[in-house]
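Each ligand, and each atom within it, is numbered from 1 in the order the structure gives. Below, all heavy atoms of this structure are taken into account, side chains as well, without hydrogens, waters or symmetry copies.
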Amino acid sequence: MSVDDIERVAVLGAGNMGHGITEVVAIAGYDVVMRDIEQEIVDEGYEDIQWSLEKLSEKGLVDEDADDVMARIDTEVDLETAVEDVDLVIEAAPEQMELKKEIYGELTDFTPEDAILASNTSSLSITEIATATDKPDKVVGMHFFNPPVKMDLVEVIYGEETSDETAETVYDFVESIDKTPIYVRKDVNGFVVNSVLGPFGDEAGWMVSADEATIREADATMVHERGYPMGPFELGDLTGIDIGYHVRKEAGKPVPPIVEEKVEADELGQKTGKGYYDYEDGDGADYGHEDVSEDFDWLRIEGRMVNEAAKLIGNDVATPDAIDTGMRLGAGFPEGPCRRADKIGLDAVLEKLETLYEETEAERYRPADYLVELVNNGHTGEDAGQGFYEYGGDDGDREYRTLNVLEEGEVLAIELDRPERMNALNEDLMDEIEHVLDNADLDEVRVATFEGAGDRAFCAGADIGGFAGAKPWERGTITSMFETVNDFPKPTIAKIDGFCLGGGHELALACDLRVATEDSEFGFPEINLGLLPGGGGTQRTMRMIGEARAKELVFRGERISAERAENWGLINRAVDADEFDDVCAEFVDDIVEGPPVALDYAKKVMNRGEDASLEAALTMESQSFGLLLSTEDVLEGTSAFAEDRDPEFEGK
Ligand code: NAD
């Protein structure tokens, strides 16, 4: 079976995950039947979907009417009726092995022979679940994250008997519902994301238990210095301290004393009103910048996460790329542990683990064979040209991690691809933008366009977390990307659909033209962080829309609508979402069909002239005019005009 054969899907369970998965699958256009054990529960799940779809629809995040999507969803209580004619079953029933086995036993009898049986289990063995069927090759893990509508990642997990055909079909299916799949090639406990995430809270727990740091120091440093979306203790409070506790106990691993104490005191986090922080009488996770500690040994935490990643790679469970994608999309990490380790240096990571292992003899620090092997082979990271990843030279083909080149030819279409961080600029993304532009074939390219992946943002700013660790003198390079965009010899267009803020706004302003959807929002929130727009935002904005409006944007830090941005002259067009693609295409076509040399000169004269005296600028203009007179394009342009036909410019 291939993904093209999948038409009808059954989701078992209408709970937290089941109804969310049903919604996502229906939005993608599949017919879905959602089954639970009682009509009341199915009805509740159905209503939850309706509510959620209406919200998505209001925000313009689904193209269809909520009713049309709902029309593709059936509800059912009888299992046989639910699954008798489906191509794929996604099981999201409670996390109990016996129950799952019972369900899979029944599925064997009731589903068509070809149907794939996928489990959304977070922690149970796919191999064992599959023993309850007579077609273990068709059983696979399909681990969505909570809430499925928002979370982009799905782990596709092999059991021992899962066939490649089954896993590949499910992988393609995940892509067809607009989610990002990663392969987990063995059903190790915790799969990829939870395996690597384990040490985040665990190691912080050991450090605080040994009085080497405070809870606030750990959380503040990991968030404000290392860029994680949440501190390890804050995260423990959110997910429930008992959850991590039981996972470790069941795996026979030691538990940090502070975790043990909290569980014994029944202080389990937000759900009990108290955990590491007090949510009833206190202000919850109230750590701040002032709690950041220079002495906090974050490499212990990151080193252990890298070690977990190395174990997964060495055991052929996942590739570095799958792990990094998983951690970014599944856990909101600012960058994946493999990429980060390549920057830190794998030798430094290994040394940290070896020292801890020698000091404590604790198994958790034992370096993974694969990590040792990389270091022994001299593959210590980016500086060495190879670590978890291979780093080519600056020319040549480079695989981009944070952007996609959607088109290469006359149109160089660049998509910023960090949707989980609203395409915020980090070092890698800025570096890759520069690399694409620096290596563009200028004989071929006639226009470069920028857009953002996902449906929320063009680019919502700079990834503060990613910069926070940088020293002021290291930040000087932040602006070079904006200059590279501004100085790109060909016309550039920013296609803006969603948030266009801070560094993202500056990127758009460094482009020549800006087309936006009406729902887009523009602003410079930097001032609210005690910063100013540092990528040309103060200067380009003033030149573009005048001092008063520019200062309003920069000083007040408030967002403005696309309509106002258009009125102020900050963007060229604000258009209805339905017309957006067409209007962008018209802009692109006009430039692609235009005379390349004249466009290059026009851009150069207009950009440079802005900063020169009028006299100098006019001289530049007339010189360029003179030079253009001798081009073949002028001959073609004038002849076409005389002959009343469309010109065909060659750029000569
Ligand atoms: P839930 O308790 O919210 O929902 C489970 C639903 O399954 C309930 O409505 C229950 O009535 C129903 N159910 C019980 N027996 C059934 C049967 N035989 N057939 C069909 N439905 C049946 O649980 P959940 O949070 O949605 O979790 C479901 C699965 O998803 C579990 O395996 C869990 O590990 C996994 N998961 C959960 C999360 C999460 O954050 N909640 C994330 C990823 C994966």
Tell me whether Ala93 has any N or O atom under 3.5 angstrom from an N or O of ligand 1. yes

Protein heavy-atom partner closest to atom 6 (C) of ligand 1 - residue, atom, separation in Å: Asp36 OD2, 3.7 Å

Relative to the heavy atoms of Gly15, which atoms of ligand 1 are at a distance of less than 4.0 Å? 3 (O), 4 (O), 6 (C), 9 (O), 26 (O)

For His143, atoms of ligand 1 separated by under 4.0 Å from a heavy atom: 43 (C), 44 (C)

Measuring to protein heavy atoms, does anything land under 4.0 Å from atom 2 (O) of ligand 1? no

Of all the non-hydrogen atoms in the protein, which one sits nearest to atom 18 (N) of ligand 1, and at what distance? Ile103 CD1, 3.3 Å

Name the closest protein heavy atom to atom 16 (C) of ligand 1, giving the residue it belongs to and the distance to 0.1 Å. Ile37 CG2, 3.7 Å

In this structure, atom 17 (C) of ligand 1 is nearest to the protein heavy atom Arg35 NH1, 3.4 Å

Enumerated ligand 1 atoms positioned under 4.0 Å from heavy atoms of Ile41: 9 (O), 11 (O)

Test item: side-chain donor near acceptor, Glu302 and Tyr228, under 3.5 Å: yes

Numbering as shown, the atoms of ligand 1 that approach Gly13 to under 4.0 Å (heavy-atom distance): 7 (O), 20 (C), 21 (N)

Could you list the atoms of ligand 1 found under 4.0 angstrom from a heavy atom of Thr121? 32 (O)

Any side-chain heavy-atom pair from Met230 and Met222 closer than 4.5 angstrom? no

If you measure from each heavy atom of Phe144 to ligand 1, is any distance below 4.0 Å? yes

If only atom types and distance count, is the side chain of Thr127 paired as donor or acceptor with the main-chain N or O of Glu160 below 3.5 Å? yes

Protein heavy-atom partner closest to atom 14 (C) of ligand 1 - residue, atom, separation in Å: Pro94 CD, 3.2 Å

Heavy-atom nearest neighbour in the protein, as seen from atom 30 (O) of ligand 1, with distance rounded to 0.1 Å: Asn120 ND2, 2.9 Å

Shortest protein heavy-atom distance from atom 36 (N) of ligand 1, along with the residue and atom involved: Ser122 OG, 3.2 Å

Considering only distance and modelled atom types, tabulate donor-acceptor pairs under 3.5 Å from the side chains of residues 112-120, sequence neighbours left out.
residue : atom : partner : partner atom : Å
Ser119  : OG   : Glu91   : OE1          : 2.6
Ser119  : OG   : Thr121  : N            : 3.1
Asn120  : OD1  : Phe144  : N            : 2.8

Centre of Trp206's six-membered ring, under 6.0 Å away, within 45 degrees of the axis: is that where NZ or CZ of Arg300 sits? no

Between Tyr279 and Tyr277, what is the ring plane arrangement, given parallel below 30°, perpendicular above 60°, and tilted in between? perpendicular

So, regarding Lys100 and ligand 1 (criterion: nitrogen or oxygen to nitrogen or oxygen, under 3.5 Å), is there a contact or not? yes

Do the side chain of Glu155 and the main chain of Val192 share a donor and acceptor less than 3.5 angstrom apart? yes

Sequence-distant partners of Arg216, salt bridge (charged side-chain N to carboxylate O under 4.0 Å, His left out), two or more places apart: Asp286

Is the NZ or CZ atom of Arg401 both under 6.0 Å from the centre of the six-membered ring of Tyr389 and within 45° of that ring's axis? yes

When rounded to the nearest 0.5 Å, the distance separating CE of Met34 from CD1 of Ile49 is 4.0 Å

Donor-acceptor pair, Arg185 side chain versus Ala318 backbone, under 3.5 Å? no

Report, in ascending order of atom number, the atoms of ligand 1 lying under 4.0 Å from any heavy atom of Asn146. 39 (C), 40 (O), 41 (N)

Atom 26 (O) of ligand 1 sits nearest the protein heavy atom Met17 N, 2.8 Å

Might you confirm whether atom CG of Asp63 has over 12 heavy atoms from other residues, nucleotides or ligands at distances under 6.0 Å? no

With a 4.0 Å cut-off, strictly under, does atom 23 (O) of ligand 1 pick up any protein heavy atom? no

